[in-house]
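Have a look at the structure below before the remarks.
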2 protein chains.
Amino acid sequence: MLTIGKLGDAAGVKVPTIRYYEQIGLLPEPDRSSGNQRLYARRTLDRLSFIRHARELGFPLEAIRDLLSLQDSPDQPCAAADTIAKAQLLAVRARLARLKALETELERMIVQCAHGTIADCRVIEVLGDHANCAHDHHGGQEAAL
Amino acid sequence: MLTIGKLGDAAGVKVPTIRYYEQIGLLPEPDRSSGNQRLYARRTLDRLSFIRHARELGFPLEAIRDLLSLQDSPDQPCAAADTIAKAQLLAVRARLARLKALETELERMIVQCAHGTIADCRVIEVLGDHANCAHDHHGGQEAAL
DNA sequence: ATAAAGTCTCTAGCAGCTATAGCTTCAAGA
DNA sequence: TCTTGAAGCTATAGCTGCTAGAGACTTTAT
């Protein structure tokens, strides 16, 4: 069993954040020691690490809740899981496309820097360009992500 | 010249958000009409679109401020730009790696769903796995992103 | 000329943490 | 065994990055 501090260190999540996740129901209420301190099972570490990485990738907690529900109910009808997974996949691909464009542009800048000129920096244009944009900014819903 | 509403529509950013960016200094104070309404030059649209896309990719406003400073001072010493660009590039690549892992896993899940089984969902493992992880969770600084 | 739509400032609220205060529990050395 | 310092507890307040009113003024369209 892990104390909350050990769990936090292992997952790279701060202690108050863990308590916050418990409060909003993303993590189950753990057992307590005789002195009322939280004690976590090993598998909670997987769940918490998942949450942490998903957050870093920009998933809102509600989307993470959905993804976790896939794990929590492996017997639920496939249609539900499929819908969630497909929506998340679209969102992930949209992010990938724009991140790749940004990567390319940053690489270009760094190469140019090596040659002593940044006068024609186009970082702004590459991300400002709606041609790379997975959203329709014009009246549509935001992506589920 | 664009009114704030037109600018917002064009960039996909809400009007109060534009005023907020002005307040915190990400956007310059624009000219005003005789009736005190904001009037924006065309090029502000590029800047705002950039901010929007960078935010969607998860860059904090401070990182965006840095990136914009590259654009704002094309004559600054290359070393400064280079440092910023390289830090951002590392962060971008770390994100790309984990997003790709998640994409793969979601694809796998969807294929399995088509075959009627999600019993061995591994979404959590794929993101929980620190082998894919660009950070050192263990005592280091967070990435500049 | 007037009505509707857009804009103004100001303030308050929300998500997702993060830090502080004041107290209790635990573990490790003297 | 005692003690002392780190770690944990609850509760509350603050932070970032928006977002949504309220109530008054400006523009635009008919």
Side-chain angles (χ1 to χ4, degrees), chain A residues 1-27 29-40 44 47-68 135 137 139 141-145, chain B residues 1-27 29-40 44 47-68 135 137 139 141-145:
Chain A
M1 296 297 242
L2 298 163
T3 61
I4 196 169
K6 298 283 164 59
L7 178 66
D9 284 351
V13 171
K14 288 177 184 151
V15 167
T17 306
I18 297 174
R19 291 196 275 248
Y20 171 71
Y21 287 160
E22 179 184 325
Q23 192 186 311
I24 63 170
L26 270 192
L27 289 178
E29 292 188 15
D31 293 336
R32 300 283 183 133
S33 73
S34 54
N36 198 37
Q37 301 195 347
R38 290 170 179 82
L39 291 176
Y40 293 94
T44 306
R47 192 180 181 94
L48 184 55
S49 295
F50 170 78
I51 296 171
R52 186 235 158 124
H53 289 302
R55 284 297 299 140
E56 282 178 355
L57 295 174
F59 287 89
L61 292 181
E62 281 317 298
I64 294 171
R65 214 186 278 276
D66 281 352
L67 286 167
L68 285 169
H135 295 277
H137 296 183
Q141 290 275 27
E142 290 298 313
L145 177 61
Chain B
M1 295 297 243
L2 298 163
T3 63
I4 196 169
K6 297 282 165 61
L7 178 66
D9 284 352
V13 171
K14 288 176 184 152
V15 166
T17 306
I18 297 174
R19 291 195 276 247
Y20 171 71
Y21 287 162
E22 179 184 325
Q23 192 186 312
I24 64 171
L26 270 192
L27 290 178
E29 292 188 15
D31 293 337
R32 299 284 182 132
S33 73
S34 55
N36 198 37
Q37 300 193 351
R38 289 169 180 83
L39 290 176
Y40 292 94
T44 306
R47 193 178 180 95
L48 184 55
S49 295
F50 170 77
I51 296 170
R52 186 235 158 124
H53 289 303
R55 283 299 297 140
E56 281 179 355
L57 295 173
F59 287 89
L61 291 181
E62 281 316 299
I64 294 170
R65 213 185 278 276
D66 282 351
L67 286 167
L68 285 169
H135 294 277
H137 297 182
Q141 291 274 25
E142 290 299 311
L145 178 61

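Just so it is clear, the model here is predicted, and its values are computed rather than measured. Letters A, B, ... are given to chains in the order of the sequence lines, protein chains preceding strands, and every chain is numbered from 1.
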Exercise. Hey, does the side chain of A:Arg38 come within less than 4.0 Å of D:dC9's phosphate (OP1/OP2), counting only N and O?
Worked result: yes
Problem set entry | Heavy-atom contact window of chain A on DNA chain C, given 5' to 3' at under 4.0 Å | C:dG16 to C:dC26
Problem set entry | Interatomic distance, A:Leu39 CG vs D:dG8 P [rounded to whole Å] | 10 Å
Problem set entry | Partners meeting side chain to side chain contact (heavy atoms under 4.5 Å, CB included) with B:Tyr21 (sequence neighbours left out) | B:Thr17, B:Ile24, B:Leu26, B:Leu27, B:Leu48, B:Ile51, B:Arg55, B:Leu61
Seminar exercise, completed: A:Val15 and A:Gly5 have their tightest heavy-atom pair at CG2-CA, 3.9 Å
Exercise. Between atom CG of A:Leu2 and atom CG of A:Leu39, what is the distance when rounded to the nearest 0.5 Å?
Worked result: 9.0 Å
Exercise. So which heavy atom on B:Glu22 is nearest to which on B:Pro30, and how close?
Worked result: OE1-CD, 3.5 Å
Seminar exercise, completed: Note: B:Asp31 and B:Met1 closest approach over all heavy atoms is OD2-CE, 3.9 Å
All N/O contacts under 3.5 Å from nucleotides 23-27 of chain D to the protein, with atom names and distances to one decimal?
residue : atom : partner : partner atom : Å
D:dT27  : OP1  : B:Ser33 : OG           : 2.9
D:dT27  : OP1  : B:Gly35 : N            : 2.9

Exercise. Got a second to check how far B:Arg32's CZ is from B:Arg38's CZ, nearest 0.5 Å?
Worked result: 4.0 Å
Seminar exercise, completed: By side-chain hydrogen bond (donor to acceptor under 3.5 Å, both in side chains), B:Arg65 pairs with (sequence neighbours left out) B:Glu62
For this session: Starting from the 5' end of DNA chain C, give me the residue, B:Ile4 or A:Ile51, whose nearest nucleotide shows up first.
Result: B:Ile4
Exercise. Could you give the distance from CD1 (A:Ile64) to NE2 (A:His53), rounded to the nearest 0.5 Å?
Worked result: 11.5 Å
Exercise. With sequence neighbours excluded, what pairs up with A:Glu29 under the salt bridge (Lys or Arg N to Asp or Glu O under 4.0 Å) test?
Worked result: none
For this session: Indicate the atoms forming the closest heavy-atom contact of B:Ile18 with B:Ile4, along with that distance.
Result: CD1-O, 3.7 Å
Problem set entry | Positions of residues 14-22 of chain A (non-hydrogen atom under 4.0 Å from DNA chain D), listed by number | A:Arg19
